[in-house]
Protein chains: 2
Amino acid sequence: MLKRLSKYIKKLNKKKKTTIKDIANVLNISPAAVSKALHDDSRISKKTKIAVRQVAKNLNYQPNHLASALRKGKSNLVGVIVPKTNSNFFSSVIQNIEEVLNKEGYNIIITQSNESFRKECNNIDTLLFTQVDGIIASMANETTDLEYYEKIKSKGIPLILFDRGENDLNVDYIGINDYDSSHMIINHLVEQDCKRIAHIGGYKHTRIFNNRIRGYIDALKKNKLPLDEELLLESSLTTEDGREKMIHLLSLKNRPDAVYVAGDYAALGALQVLNEQNIKVPQDIALVGFGNEPFTSMVTPTISSIKQHSGEIGKQAAKTFLEHAKTTDMKQTLNKIILDAELIIRDSSNKKSPVKST
Amino acid sequence: MLKRLSKYIKKLNKKKKTTIKDIANVLNISPAAVSKALHDDSRISKKTKIAVRQVAKNLNYQPNHLASALRKGKSNLVGVIVPKTNSNFFSSVIQNIEEVLNKEGYNIIITQSNESFRKECNNIDTLLFTQVDGIIASMANETTDLEYYEKIKSKGIPLILFDRGENDLNVDYIGINDYDSSHMIINHLVEQDCKRIAHIGGYKHTRIFNNRIRGYIDALKKNKLPLDEELLLESSLTTEDGREKMIHLLSLKNRPDAVYVAGDYAALGALQVLNEQNIKVPQDIALVGFGNEPFTSMVTPTISSIKQHSGEIGKQAAKTFLEHAKTTDMKQTLNKIILDAELIIRDSSNKKSPVKST
DNA sequence: TAGTTTTGCTTAATCGTTTAAGCATTTTTT
DNA sequence: AAAAAATGCTTAAACGATTAAGCAAAACTA
């Protein structure tokens, strides 16, 4: 009792952190016994366990994560790399990853690449340096060189990609059905009596954008509409580039009567141009975006868009990681999870009946 | 040479990570020498340093962060807590914190509280558990109990608050001049010939919102306008609550001719109501928001708002942390940095001349 | 030439936790 | 009552990097 008190005072004065050694000293047992007691080892008596927990609480003991991670060769940290956190989609994915992983005792480290390849490489190095147990990532637009991702794999660390992935990289992937989403959009626009549907697509080298382009082409075919190469544009999908591509489309002799834009920011740019030129949306030109960013329901007219189930993507990504973490390195089966998306119809593509804003 | 090769093979086969011990073995020197060589210690010969670096590269050596952190009692990680990452403001602050800290060898761990007090406490525990060297945080709206923040301070870990801080907590703080910002808004509205200016403010218990309210009241006085209690509302500042508060204001016998909303999301809600009721903005009622969220320049009419210099806030927060990290715990002087903000005038409050969208 | 300094390493302890191995007791089984 | 099993610990060696202390050998100084 005296000893215990002296320890209290020592700790509180020196602001030094309590270790299992301190607890061991107070109770006159070995540090090993303390460690086991805290982990509810069956070979430790109930009495000792209770005493250890009591003292731990009194001394305000916090386990040193670094020490246990070092010893166990496991940090219980998972790295997450996203292009930008300031989008609803990524923010929601992250939130769900966190939720699932926290329950299993993992914590996450979020990093953003800002769509820069160099930054992304840096982030990977940082995460490896921090000894994360796994990495869940969505690739930057710029990224085509996969060397750094190979580096993760070669270290034997689970790597799960979502949304922006690559076909060449043989890793787990969670995404939506971009090909089918294009079909949903084209079918919807055809229903609205659109005949000349343009597509402002993303970079062909990126898996998801390529799939959207393929879907666009095939859906046109299925609806017996001709494919006009003039109406298929490749874009960086920024608001600015959306503007430029729209201006270009309006300059054509034979204008489109609908535009499917593969990203909401570019769709916004396109809409601005249409509004400025007093072109009626959707009557003259109908517009559909992709991603369901919050602003799609804030602007005038509201923009139809594809809603990805970000929560589900996050959850699946986290679960996939957990599967890898649990199995002991052997027979890793790869998951390729493709989720369905949903077309949210708003004013920008609805000629028939007024729709409530969503 | 033979030895070196055998090591190569061993490593590559077993996928085990290279340690300084491996490098030491290859070169037949002690691990200590390797460690020093890698840290450019003056007591190690140039020849050895070159050899060590060469072997390190060949064996694909990555230092084990956990081990050095444990030994040095320093993780070189800084925790960042924000209410939500999906806002331009926080995203930009984070980016700048990261930039400054990376240069000094620190990495950051981002966590989001989702405006939940419980989640925020969890985040703090997680960060402490991860042994971060410091925490930079912006408080959740819900948070009034400061016990957890006191916990950080009591551990002797530098704590820096930004944007959402508290007067009661005696820590470093970086923010903007909310009081002056209110003045800028009111002065601007008065110039637009507004006489009855309402304020949809945030929670009074939060420092920043309280300052905005005080600024509003004092600015009215300075402009010799009467303060009408009816026109001063306390709001959660969500879009939904912005709608409700606007509807309430419109129901008054004596309507306002201008509304200053302390948050852009609530301003958006207010604008929606005004648009739905066909009230002309700014002619009938002028509107000003706060935060300069991207959508303020996307909606119709575009919303005037206060732009905070998020980049500067992030940089200052990071620098403040670095100051603490460098000084050896003695004589900690507290920084309270208040930066100026900027009023971006857009269509929603500009009666006189048309303005280009920004 | 003897003494001092500098150079270039090595040795060994340390950070805090975990865990395999071991060793008395006590309890159970035959 | 002897053998076997279970209980409740302890000892000591890790995990990988850092660092104070020390020790030869080389280089310099007087």
Side-chain angles (χ1 to χ4, degrees), chain A residues 7 11 14-53 55-56 59-77 105 128-133 155, chain B residues 7 11 14 16-53 55-56 59-77 105 128-131 133 155:
Chain A
K7 283 291 162 189
K11 289 302 136 191
K14 294 205 180 177
K15 259 196 185 179
K16 277 206 67 179
K17 280 164 194 160
T18 310
T19 70
I20 51 169
K21 225 171 166 180
D22 298 317
I23 301 175
N25 281 338
V26 171
L27 294 170
N28 223 23
I29 57 176
S30 72
V34 174
S35 173
K36 287 175 181 164
L38 290 171
H39 287 88
D40 213 23
D41 189 297
S42 63
R43 300 286 288 275
I44 299 292
S45 70
K46 213 160 218 171
K47 207 178 110 190
T48 306
K49 282 180 188 168
I50 291 169
V52 165
R53 281 190 202 127
V55 174
L59 294 187
N60 195 21
Y61 169 74
Q62 291 262 146
N64 185 321
H65 170 245
L66 297 173
S68 76
L70 174 60
R71 177 59 230 254
K72 295 201 286 192
K74 199 166 167 280
S75 68
N76 271 43
L77 291 172
L128 292 178
F129 176 69
T130 318
Q131 316 282 129
V132 293
D133 292 341
K155 296 235 170 205
Chain B
K7 282 291 160 189
K11 289 302 134 193
K14 293 204 179 178
K16 278 206 69 178
K17 279 163 194 159
T18 310
T19 69
I20 50 168
K21 224 172 164 179
D22 298 318
I23 301 175
N25 281 337
V26 171
L27 295 170
N28 223 25
I29 56 176
S30 71
V34 174
S35 173
K36 286 176 180 164
L38 290 172
H39 287 87
D40 212 23
D41 189 296
S42 64
R43 299 288 289 273
I44 299 292
S45 71
K46 214 161 218 171
K47 208 178 108 190
T48 306
K49 281 180 190 169
I50 291 170
V52 164
R53 281 189 202 129
V55 174
L59 295 187
N60 196 22
Y61 169 73
Q62 291 264 146
N64 186 321
H65 169 247
L66 297 173
S68 73
L70 174 60
R71 177 59 229 258
K72 296 201 286 193
K74 200 166 165 280
S75 68
N76 271 43
L77 291 172
L128 291 179
F129 176 71
T130 318
Q131 316 280 131
D133 292 342
K155 296 234 169 204

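Order of the sequence lines sets the chain letters (A, B, ...), proteins ahead of strands, with each chain counted from 1. Basis for what follows: all heavy atoms, side chains included, without hydrogens, waters or symmetry-related copies.
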Measure from the side-chain heavy atoms of B:Asn64 and tell me the nearest of D:dT19, D:dG16, D:dC9.
D:dG16
Indicate, with a heavy-atom threshold strictly under 4.0 Å, whether B:Ser45 touches base, sugar-phosphate, or nothing.
sugar-phosphate
Report the distance from atom CG of A:Asp41 to atom P of D:dT7, rounded to the nearest whole Å.
12 Å
Starting from C1' on D:dA21, measure out to NZ on B:Lys36 and report it in whole angstrom.
9 Å
C:dT14, C:dT17, C:dT10: which one has an atom nearest the side-chain heavy atoms of B:Arg71?
C:dT14
Expressed in angstrom and rounded to an integer, what is the separation of B:Ile44 atom CD1 from D:dT18 atom C1'?
13 Å
From CD of B:Gln62 across to P of D:dC15 the rounded distance in Å is 19 Å
What is the nucleic acid contact for A:Leu66, judged by heavy atoms within less than 4.0 Å: base, sugar-phosphate only, or nothing?
nothing
Just compare D:dG22, C:dG22, D:dA17 and give me whichever is closest to any side-chain atom of B:Ser35.
D:dA17
For A:Ser42, which contact category applies under a 4.0 Å heavy-atom criterion: base, sugar-phosphate, or nothing?
nothing
Of the nucleotides D:dG16, C:dT10, C:dT19, which has the atom closest to the A:Ala32 side chain?
C:dT19
Nearest to the side chain of A:Arg43, heavy atoms from C-beta on, is which of C:dC23, D:dA17, C:dT18?
C:dC23
From the options D:dT10, D:dA17, C:dG16, select the nucleotide whose nearest atom is closest to the side chain of A:Thr19.
C:dG16
So, does A:Ser30 get its side chain near the phosphate of D:dT10, meaning an N or O under 4.0 Å from OP1 or OP2?
yes
